[in-house]
Every structure is written in C-alpha cells, then in structure tokens.
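Count residues from 1 along the sequence.
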Amino acid sequence: MGGPFRQLDISATGLEASGIWLDAIAHNVANVNTTVPGDQEPFRASHPIFAPIAGDPGGGVRVVGMAAEQGDPALVAAPGDPRADQQGEIAMPVVDLVSEMTDMILATRSYQANLRVLQAARERYEAAMQIGRRS
C-alpha cells in the first residue's frame with residue numbers, strides 16, 4: 001500500500017477486520033444457548049486473529065485465522081432433554097457472554113474510528129481537488 005491514498009487503504013483494512021470481528025461476535029452470541037449431548041464437542045466461540053499486513057509497517061491489518069475458545073464445557077444434568085447423552089447430560093457451549101459483549105463494544109469502536117478516518121481522508125482529498133480546480 002502506498003501512494004496518495006494510503007490513509008484510505010489503511011482504514012479500509014481496519015474496517016474489514018472490524019467487520020469480521022463483529023460477525024464472529026454475532027455468531028458467538030447467537031449460539032450462547034446451543035447445547036449438544038454431553039459426550040459431543042459443544043459449540044466454541046471463535047475469535048479472529050489479527051496480524052499486520054506483511055512487508056508494510058503501519059500499512060494496515062488483516063485477519064489471518066480464527067481461534068476457538070479454550071476450556072472445558074459445562075456439563076448439565078438434563079435427563080428429560082432429547083439431546084441428553086446416556087448419562088442424561090448436555091454440554092453447554094463454551095462462550096463467555098460478558099467477554100463477547102466487551103469485545104462487541106471494542107469492535108464497534110474500532111469500526112467507527114476507522115470509518116471516521118476514512119471519511120476525514122476523503123474530505124481532505126475532495127478539498128484538495130477543489131483547490132486544484134480553482135487554480
């Protein structure tokens with residue numbers, strides 16, 4: 001990335017990364033009550049892994065993968081539940097709703113900040129073009 005529109009390029013990468021982050025959070029929150037039989041792998045929240053764009057210091061960010069939430073799922077006794085295993089247990093999803101809400105605030109603010117940078121840069125470029133037209 002380079003040239004006169006570098007700010008636009010950098011903030012665009014931030015917008016894209018923030019959008020992916022928000023999508024992941026929405027998916028995690030939507031599955032906060034998804035249960036499975038106790039002997040099966042439960043839903044695990046996923047979180048994007050961010051990295052700087054290679055070879056371009058200060059050139060933006062990209063998502064390089066997704067990491068699944070670690071930890072043991074809570075097993076709940078639910079003998080009457082049709083999803084219960086042989087022991088009458090269901091596995092709860094591995095999602096920390098408080099962390100998801102905190103991440104949602106951070107991702108939203110990141111998106112907003114990148115959008116403001118994009119808008120400000122566009123306004124500066126438009127103003128510079130107006131000056132050029134008057135000359």
Side-chain angles (χ1 to χ4, degrees):
M1 276 184 243
F5 301 106
R6 183 171 172 82
Q7 290 174 328
L8 296 173
D9 294 337
I10 293 169
S11 61
T13 68
L15 281 172
E16 182 178 358
S18 297
I20 292 169
W21 192 8
L22 285 166
D23 287 344
I25 293 166
H27 183 69
N28 295 340
V29 171
N31 285 286
V32 75
N33 290 318
T34 302
T35 59
V36 296
D39 57 356
Q40 292 183 12
E41 179 63 21
F43 174 82
R44 292 182 179 275
S46 60
H47 307 284
I49 301 168
F50 301 106
I53 292 179
D56 194 5
V61 66
R62 64 188 174 103
V63 176
V64 295
M66 299 295 278
E69 187 73 32
Q70 298 298 308
D72 294 327
L75 295 177
V76 177
D81 193 313
R83 292 164 296 185
D85 63 8
Q86 297 292 337
Q87 290 77 32
E89 295 179 327
I90 57 173
M92 300 301 291
V94 184
V95 179
D96 181 357
L97 192 56
V98 173
S99 292
E100 295 300 324
M101 294 295 105
T102 303
D103 283 353
M104 184 173 60
I105 292 168
L106 293 171
T108 300
R109 290 194 177 151
S110 172
Y111 189 90
Q112 291 169 339
N114 280 292
L115 188 59
R116 275 188 234 118
V117 169
L118 189 71
Q119 291 168 336
R122 190 187 83 218
E123 289 170 5
R124 284 193 303 274
Y125 293 132
E126 287 174 355
M129 289 176 65
Q130 291 298 325
I131 292 171
R133 287 184 187 146
R134 285 186 230 152
S135 299

Check: Is V32 reachable from I25 through a run of I, L, V, M, F, W or Y residues, each pair having side-chain heavy atoms under 4.5 Å apart?
Finding: yes

Notebook entry, point to check: What pair of heavy atoms forms the shortest contact from P42 to A91, and how long is it?
Noted result: CB-CB, 4.1 Å

Margin query: On a heavy-atom basis, which atom in A84 and which in A78 lie closest, and how many Å separate them?
Written below: CB-O, 3.3 Å

Notebook entry, point to check: To the nearest 0.5 Å, what is the distance between CZ (F43) and CG (N31)?
Noted result: 4.0 Å

Check: Distance from L8 atom CG to L118 atom CG, nearest 0.5 Å?
Finding: 5.5 Å

Next item on the list: Could you check E89 against V76 for side chain to side chain contact (heavy atoms under 4.5 Å, CB included), going step by step and ending with a plain yes or no?
Entry: CA-CA 5 Å; E89 295 179 327; V76 177; over 6 Å; no

Check: Looking at W21 versus F50, is the centre-to-centre ring distance below 6.0 Å?
Finding: yes

Checklist line | Which residues share a salt bridge (charged side-chain N to carboxylate O under 4.0 Å, His left out) with R109, sequence neighbours left out | finding: none

Check: Can you name the closest pair of heavy atoms from G60 and T13 and give their distance?
Finding: CA-OG1, 3.3 Å

Checklist line | Qualifying side chain to side chain donor-acceptor pair (under 3.5 Å) pairs with a residue from residues 58-70, counting only residues at least two apart or across chains | finding: H47-E69

Checklist line | hydrophobic_cluster_shared for V94 and V36, side chain cutoff 4.5 Å | finding: no

Checklist line | Residues which pass side chain to side chain contact (heavy atoms under 4.5 Å, CB included) with N114, listed by chain and number, not counting sequence neighbours | finding: S11, L15, S18, S110

Margin query: Has R44 got a side-chain atom pairing as donor or acceptor with P73's backbone, closer than 3.5 angstrom?
Written below: no

Check: How close do P79 and A77 get, heavy atom to heavy atom, and via which atoms?
Finding: CD-C, 3.7 Å

For residues 95-106, tabulate all N or O donor-acceptor pairs below 3.5 Å that involve a side-chain atom, not counting sequence neighbours.
from, atom 1, to, atom 2, distance (Å)
D96, OD1, V98, N, 3.2
D96, OD2, S99, OG, 2.8
E100, OE1, N28, ND2, 3.2
E100, OE2, N28, ND2, 3.4
T102, OG1, V98, O, 3.0

Next item on the list: Could you tell me which residues satisfy salt bridge (charged side-chain N to carboxylate O under 4.0 Å, His left out) with R122, sequence neighbours excluded, listed by chain and number?
Entry: E126

Item checked: Pairwise distance CD1(I49) to CE(M66) - rounded to 0.5 angstrom -> 8.5 Å

Check: To the nearest 0.5 Å, what is the distance between CG (D85) and CG (L75)?
Finding: 7.5 Å

Next item on the list: Please name the pair of heavy atoms, one in V61 and one in G14, separated by the smallest distance, quoted to 0.1 Å.
Entry: CG1-CA, 4.1 Å

Notebook entry, point to check: By salt bridge (charged side-chain N to carboxylate O under 4.0 Å, His left out), which residues pair with D81, not counting sequence neighbours?
Noted result: R83

